[in-house]
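To find a chain, count down the sequence lines: A is the first, B the second, and so on, and within it residues start at 1. In this text, all values refer to a predicted model and were calculated from it rather than measured experimentally.
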Amino acid sequence: MEQLLLLIFLPLVGAIITAFAGKSAKIVSTVFSVVSLVLALVIAGNFIPNASTQFEVNLPWIADLGINFHAGIDGISMLVVLLTNLLVPIIILSSYNHEYKNPAAFYALILFMQCGLLLVFTALDAFLFYIGWEAALIPIYFICAIWGGKDRIRINMKFFVYTIAGSLFMLMGIIYLYLQNPAHNFDIQAFYALNLDSAQQGWIFWAFFIAFAIKMPVFPFHTWQPDTYTAAPTQGTMLLSGIMLKMGIYGVIRWLLPIVPAGVHDWGQIAIILSIIGIVYASLIAFTQKDAKRLVAYSSIAHVGLISAGIFAFNQQGMQGAMVQMLSHGINVVGLFFVLDIIFSRVKTNKIEELGGIAKVAPQLALTFLIIVLGTVALPGTNGFIGEFLLLIGVYNYGIWAAAIAGLTIIFGAVYMLRMYQNVMLGETNSLTITFTDIKGTEKLVLYTICALIIVLGVYPKPILHLTEASVQHLLEQVNQKLNTVN
Amino acid sequence: MSTQVFYFVATLSIIFSLMVIFAKNPIHSVLYLILTFFTFTVHYVLLNAQFLAVVNFIVYMGAIMVLFLFVLMLLNLNKETEPSKSPLIKIVGVIAGGCLVVTLIGSLKSASITSPLILKNPGLGLVENLGKELFGPFLLPFELSSLLLLAAMVGAVLLSKRDEVEA
Amino acid sequence: MTIEQLIWLVPLLPFLGFVINGLGRNSLSKGLVGIIGSGVIFASFIISVVIFFSLQGDTQKSHEVFLFDWISAGALHIPLSFLVDPLSSIMLLIITGIGFLIHLYSTSYMHGDAGFGKFFSYLNLFVFFMLLLVLGSNYIVMFIGWEGVGLCSYLLIGFWYTNSAYASAAKKAFVMNRIGDLGFLLGVFLIFTTFGSVEFAKVFPQAANMLPGNDTLVLITILLFIGACGKSAQLPLFTWLPDAMAGPTPVSALIHAATMVTAGIYMIARSSVLFDLAPLTQHIIAVVGAATALIAAIIALTQTDIKKVLAYSTVSQLGYMFLGLGVGAYTGSFFHVLTHAFFKALLFLGAGSVIHAMHHEQDMRHMGGLRKKLPVTFLTMLIGTIAIAGLPPFSGFFSKDEILAHAFQASPILWGIGVLTAFLTAFYMFRMMFLTFSGKYRGTHHEESHLHESPTAMTFPLIILAVLAAIGGVINLPHVFGGNEWLAHWLSGAGVAQHELELSHSTEYSLMGVSVAAAVIALLYAYTRYVKGARVPVADEAPRSALAKLSYNKFYLDEIYDFLITKPLDALSKFFYRIIDNKFIDGIVNGLGWSTNEASKGIRLLQSGNVGFYIFMMVFGIIALLAYTFYYI
Amino acid sequence: MNIIITISITAFIVLYAGLFKANKALLPLTVVGLLTALGFTFCAWNGNAVHFGMMQTDNFALAFSGICIIGTLLIFLLTQNYFHAKSDNIAEYYTLILFALAGMIMMVSYKNMAMLFVGLEIMSVSLYILAGIRKKDFASNEASLKYFLMGAFSTGFLLFGITLIYGATGSFDLDKIQAYLVNSQTISPIFYPGVILMMIGLSFKVGAAPFHFWTPDVYEGAPSLITTFMSTVVKTAGFAAFLRLFAGALAPLHDFWVAPLMVIVCLTLFIGNVTALFQKNFKRMLAYSSISHAGYLLFSLIVLTKNSENNVLVYAAAYTFASIIAFAVLILVKQKTGSDSFESFNGLAKRNPLIALCLTVAMLSLAGIPLTAGFIGKYLMFLNVMTEYKTLLVAFAILNALVGFYYYFRVIVAMWFKDGAETELSAPAQYKVVLLVSVAITLILGIYPAIILNLI
Amino acid sequence: MENLFTQAAGVPLNHYIYLSAIIFSIGVIGVLTRRNAIVIFMSVELMLNAVNLLLTAFSVHNNDPSGQVFVFFIMALAAAEVAVGLAIIVMVYRNTKSVDINVLNRLKW
């Protein structure tokens, strides 16, 4: 129990200390994030991979409103917690070649956000979940809006209002559930046990789904995303795409499926259709993007679409695939954005057409970038394959046409990713890239770590699958059981 | 007899009050207002609220209206200096007011308290009665209304005084 | 040492080679890289030979070797395990054997290249994935290899990545392969949902009990065939293969002739149980194969790039193999895979030798008369040409005729196409030979003085391959020639059962006669045209007859694809991005903001600053509320 | 009772201190007086005493009195040098503010309409004057006159309402009115318009649409400190009065007055938020935002639960402290730059990060972001309405809250993301105290609201 | 003055209500149609007086003196308001040389 509290609040402590650390904020935040990672690994080590919730904490918080500080970790949580605590140090390290003005605030906000994210991923109380949900949003808003690029103010405002719009409707849904709950509290188990009719479940489904869909984002709620990713500072983009996006996915798994199975049963079709449209649509758009960051942003929409489709397909393969893919996508997309950041920091552009020939002058960057690209296009032997493969099987079990259309992602992904790789890295150097220097120092460390993770997870994904298997299975059984009693 | 008096005075009240708002010259308005208030005093007398009648006469007609007149004179507004609003606004204003009358009366109409007003206690409006009430249950607001008057006094002085500090 | 103990070494060694060469690409000397790169493959070859022979002496023909659990989710369990049986063992030999020769060849061919270490590591990696492909005991492990070789193909085609045309060719290859891969993957999913497993050992026995023509099986096999189309360059997905010639020539020999492109045939042969039960699919395969063979052959007629001719020839031969598969000649096709591996690798390496000598000039219009300068190359290539032309007794004759015989049994039309293709094949191959080696040298004088025969490291593999191409036919010598069809027997141990040939010997003889006659006529025609007539193909811009134009421009297939697929998709992409995404969806989102803003602009005007107006509004409010009261009472 | 007496006496003392030119002593005297009053508030806790049948100091009254007194105290701390620049009659201003406070105490604890009326008028008359204290300033004049004219006008309606209720029930006493509603078989038809007219009168005081028109103009025109007072403490008191009548005495008629109230709430939310969106002036934006908050506050009347009153308390507290921060910073910025437009906030984060941080917290609280008091307030309001599943209303409120984010974040954007003058902006110590105390309260209420949830 | 009218007419209470409502509305119309701040203020006084009259009538009807006491409070208020209001008007006049409310539209939007 102490471990979990420590896990959640260590980043917060780190954030506060970092805020006053002045020039050494970079180091302080690195230390804290690494310690958090170690702590997460220790917890993962002590974690018994079964369906039970472990390290549970249940403290009264706002008793009059039935709100408790109730948190715990099961397999699914463990995975995202690991992802968060793994990516935050990587993201912080990736900022080492930047000199942000006012670094104390920058790093403090990152750690603050980490705390919010961990709250989201461990909360077993809907109110706590909501608090974490918003608490993660504020820092990223500031990170993006203070240190972002062109037109950042308008873009981030849109992002902020858009996402919070979704979450407010979710809050409405949460309140509804709370009122329906005879015990008048926000406990997740109590929510699971509710007996709502299918009309009620339908409403709750939409209230929650829109919040999650905006966060992920699922077509057609995605238009904030490319702009935001493009305008945000790279570390912000990494946080957004690497971790924050998983909040939506996690939310669906933890808060949508088990609470309103009948709603999912009735409306999940639409969710799948939207997800699949999103896959093809975003992939197609990625074809002709001129800005590499924007291209990756659209690719992210496509990938998330597949994850979402896999979840709503609602079977073991799809679910497990979503688990692996959450991790994989987090790692890969952070890698992609980091490479683009390295390029941008050297030549001040991410325009695909202006680049080229970098492989010739920076072979190590080219190699790591290639591995990351391959991971993204789901080549067997990389982490991306495990996830996409399982997801596609999951979708396939739902419907062969769904899988055939969703499967286009493996073709389209190759098209736009390789196009980008070719135009950026291959060909002859031009006046811009001729002076390009290869990666060094922390850049190397980060990229090699990412590449190692990509390959290791691709070759031996079993630990991850094992970690979540029992929880996923439990979830499926629970939902199916509930679904049977409703019908 | 008093019934007819009431209707007569009521008509006068309405006519005078209309004159108040339609008189072009503000001075005339004030004078009509005084007349209106006089008719109100008559109403109070008809209702056997003698004390109020007196107070109304003294406070309103005496003090307040004189103050109005005084200010008008002070500001030299005794001419028809007021640029009148456009006829349209006036008409709309009258219509709006008419609607208000209609709705107000409409919503009150169903009250159907048609029973004649009967003075159950003829001494009701006498000073003695009112004094008991005022210094009994209503002592607290009465005392506290001193704050109101004091605040008004301080404020009036403050506002009309010329300040040196302000540039 | 049992097979189980040895087998994992076969892929591991190339992998080690990849790792060592990859990490040491900048530090190791070229000699060492070459030795490691070739040595690991040779070691693998030796082990493969050992395995092959121990399998031959073994009563148990198939061995499954479990390594570790890879993916498991719900009912889906995918172990990383190998299957050693006659089919895979013979593939091992081809891959490691020819692979070794080509590695050896490359040590010399690529010696001058700055990316020498990288090249060898890629090549090793390719061998590793190819071995994984053939060794996998289930479709998913096969798929790892399947995609892995695609990756290596991508890397090696784009080996000289500074040339953007080459890089584009690499991308094209990868993407077209991926199109097929999606089909493959969907097929695998369907297998999983139908049979509950993706293990060969579990799928095939179940499938064998199903009725022929079962819809599911038809669908599965069609999807798998789509996969094979991509990898093995069949219509409509073959256009990547000619472009793939952008890679170094040894790559073309190894990947795009001998091994990777035959993965599709291997896969269908492996799944022959399924295909046998899906006659509809078989018809489709036969038709697609025949069409591919013919079209590619027609295109090859007018090509002037020596490697392009070989590339189209490869496509055409692959078409042959699919024709064979389609008519049930699994062994025949596989036999052709073998012989084709020999002679096409030989031809490519020979072409490489020519190109090497010509300092990377590939246009045959600038060649000619090289016979004397490159005698070994000429001789070995001639053997290869004869083999591919199907002249007895060289290997190509036997494998080709086995396919043709089966085709005739299935449909005389298919056979006719086959023979026509054989005729064209013989013609363009000899055209190539004559243009390259006979007549006068057509290049500059300066170049001529530098012409020389290639070093031993390059000629040695040529000689070995030439020998194989010449005598390789013996391994499946048909009964009509007194053979015992060893290969067919051997493969039946792996469950690959060829349809019985029910033709009389006399029919077989006459069929062979026709095809041999066709080849000879083609040879003579080519001779009169290019040796006697000393014709040289016209320049690119020169006017051509309509048919020649069609052939020369590859039936405008690239242009058609560009017009039908690439351009519309790009247009769609731009439409989605600019109109739907930016204008419509984002327009709605922004429009909400905008309209709120506009509403704000308008509504704030209510606050006119005029007390009179304020009071008006208040009075309206009051009237409304009172009216409500009026109605409420 | 003691509270009013203390405040009144403080007012007199301050007035006399002014006569003797003891300007330095004014603030300490006031603070002492208010702290004493606050002490009495604590002492009277749970006493539920009734004074002369006119005033009831139940916990509701005391809690709101407490907030009003604390708010006034903080505002007094902001007066440092504020009036000195404007007039030499500082004592009078102190006195007027204290009078207004006394009026508000009456408003939050009245048990008889007469008390409500007198309290309301003491407060209003004081405010009419305070709004106009910058005598040479046109805006101030205009604000004062507008406020006065419209205030007097609305008082007429309030009185008409009181009269009608009196006519129906024969009493001004809240208990008797409630008893009348509960006991009598038929309710006199003149009672209904009475209720509506009272609602109109009180809506005017709290600035609910369509009776809100005075708010932006007066808030903008009045001196910032007075605006602070009006938009925080005064508003809170207004709501307490509203609540005392409608959630108390008139609760049995809920079915009748909830429909017009709902219309008022929706109009208020919509007009407040949407109009605020386009403002260029921070102060005026705050005025519109105060209108929109009035809309949220009225939520508690739409569904009457046992928590309605407490919800208003929480919301009002959150709103009051956040607004005080906002106005305090506004005063500082205006003193420095002479402008209260959004542009004058540009780059504030660089000029003084502490102030910028405080203002950010305030804006987040006003916008209702979790971990600030504003969120808890909004949450309670939504929860309150959701208990009867008025989801459409909540959805409408959510849409309005979204609009709210835009304009609250504009100042955040200006402070943090835009470059402005590089001059340092220093804050006097008293301002710092006020800011930090308010921020602390805002955050504490946001993170651990349990301390205030069951106050009433 | 005692028992001036012992039976307080026989006027129905309704008519008092109507009369007050009408006078009140006339006051409102005055506020709506006039621009002179002082006249507007006078119209407001008219409204207050209408209320006073009604209160007295109810007081008599209910036989309860508290209504008339309330009138007393209203008068006190009126006095206070007049003092403050006229002071404000004078102050405004000093600055703008006008009591026209339409001049006061500096604060808007």
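Note: A:Tyr396 leads A:Tyr396, A:Tyr162, A:Phe221 in heavy-atom pairs under 4.5 Å with chain C. For the set A:Phe389, A:Phe385, A:Phe412, the entry with the most heavy-atom pairs within less than 4.5 Å of chain C is A:Phe389. Top candidate by heavy-atom pairs under 4.5 Å with chain A, chosen from C:Asn163, C:Leu190, C:Asp181, is C:Leu190. Taking A:Gly356, A:Ala404, A:Pro220, A:Pro380 one by one and counting their heavy-atom pairs under 4.5 Å with chain C, the maximum is reached by A:Pro380.
The closest side-chain heavy-atom distance from C:Ile588 to A:Thr223 is not below 4.5 Å. Considering only heavy atoms from C-beta on, A:Lys290 stays 4.5 Å or farther from C:Tyr577 through its side chain. At a threshold of 4.5 Å between non-hydrogen side-chain atoms, the residues C:Phe189 and A:Ile400 do not count as touching. In this structure, C:Val589 and A:Trp224 have side chains that are not in contact, with every pair of non-hydrogen atoms separated by 4.5 Å or more. Side-chain contact between A:Gln320 and C:Ile71 is absent, with no heavy atoms from C-beta onward closer than 4.5 Å.
Proximity to chain A at a heavy-atom threshold of 4.5 Å picks out C:Arg25 from residues 17-25 of chain C, in numerical order. Contacts between residues 119-145 of chain C and chain A, counted as heavy-atom pairs separated by less than 4.5 Å, involve C:Ile140, C:Phe143, C:Ile144.
Heavy atoms of A:Phe287 lying under 4.5 Å from chain C belong to its backbone as well as its side chain. Contacts between A:Asn315 and chain C at a heavy-atom distance below 4.5 Å are absent for every atom of the residue. Neither the backbone nor the side chain of A:His466 comes within less than 4.5 Å of any heavy atom in chain C. The parts of C:Phe576 that come within reach of chain A are both its backbone and its side chain, each placing non-hydrogen atoms under 4.5 angstrom from that chain. For chain C, the nearby parts of A:Leu392 are the backbone and the side chain; heavy atoms of each come within less than 4.5 Å. For A:Gln317, the parts sitting under 4.5 Å from any heavy atom of chain C are the backbone and the side chain alike. If you measure heavy-atom distances from C:Tyr166 to chain A, you find no contacts under 4.5 Å at all. With a 4.5 Å cut-off on non-hydrogen atoms, C:Ile580 touches chain A through its backbone and its side chain both. Contacts of C:Asn590 with chain A are made by side-chain atoms alone, with heavy-atom separations under 4.5 Å and no backbone atom involved. Proximity to chain A is absent for every atom of C:Phe575, based on heavy atoms less than 4.5 angstrom apart. For a residue to count as touching a neighbouring chain, one of its non-hydrogen atoms must lie under 4.5 Å from one of that chain's; by this rule C:Leu219 touches chain A with the side chain only. At a 4.5 Å heavy-atom cutoff, A:Ile464 makes no contact with chain C through either its backbone or its side chain. In this structure, the portion of A:Lys158 lying under 4.5 Å from any heavy atom of chain C is its side chain and not its backbone. For C:Leu185, the part lying near chain A is the side chain, with the backbone staying farther off; criterion is any non-hydrogen pair under 4.5 Å. Only the side chain of C:Leu572 comes within contact range of chain A, judged by heavy atoms closer than 4.5 Å. Only the side chain of A:Leu465 comes within contact range of chain C, judged by heavy atoms closer than 4.5 Å.
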| task | Quick one: do C:Phe174 and A:Leu379 satisfy side-chain contact (heavy atoms from CB on, under 4.5 Å)? Show the steps, please. | result | CA-CA 11 Å; C:Phe174 195 85; A:Leu379 194 87; 3.8 Å; yes
| task | Verify side-chain contact (heavy atoms from CB on, under 4.5 Å) between C:Lys171 and A:Val415, making sure each step is shown before the conclusion. | result | CA-CA 8 Å; C:Lys171 188 182 70 186; A:Val415 173; 6.0 Å; no
| request: Please test C:Asp581 against A:Tyr281 for side-chain contact (heavy atoms from CB on, under 4.5 Å), starting from the C-alpha separation and ending with a verdict. | output: CA-CA 9 Å; C:Asp581 216 46; A:Tyr281 176 83; 2.6 Å; yes
| task | Would you sort out whether A:Asp227 and C:Asp586 count as a side-chain contact (heavy atoms from CB on, under 4.5 Å), showing the intermediate values? | result | CA-CA 11 Å; A:Asp227 284 346; C:Asp586 209 24; 4.2 Å; yes
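The main-chain N or O of A:Leu284 is found under 3.5 Å from a side-chain atom of C:Ser573 such that the two form a donor-acceptor pair. A donor-acceptor pair under 3.5 Å is absent between the side-chain atoms of A:Tyr460 and the main chain of C:Asp69, judged by distance alone. In this structure, C:Trp70 contributes its side chain and A:Pro461 its backbone to no donor-acceptor pair below 3.5 Å. The backbone N or O of A:Val377 lies less than 3.5 Å from a partner atom in the side chain of C:Arg178, making a donor-acceptor pair.
Once rounded to the nearest 0.5 Å, the distance linking CD1 of A:Ile410 with CD1 of C:Ile179 reads 10.0 Å.
Judged purely by distance below 3.5 Å, without hydrogens or angles, the side chains of C:Ser164 and A:Gln422 never pair a donor atom with an acceptor atom.
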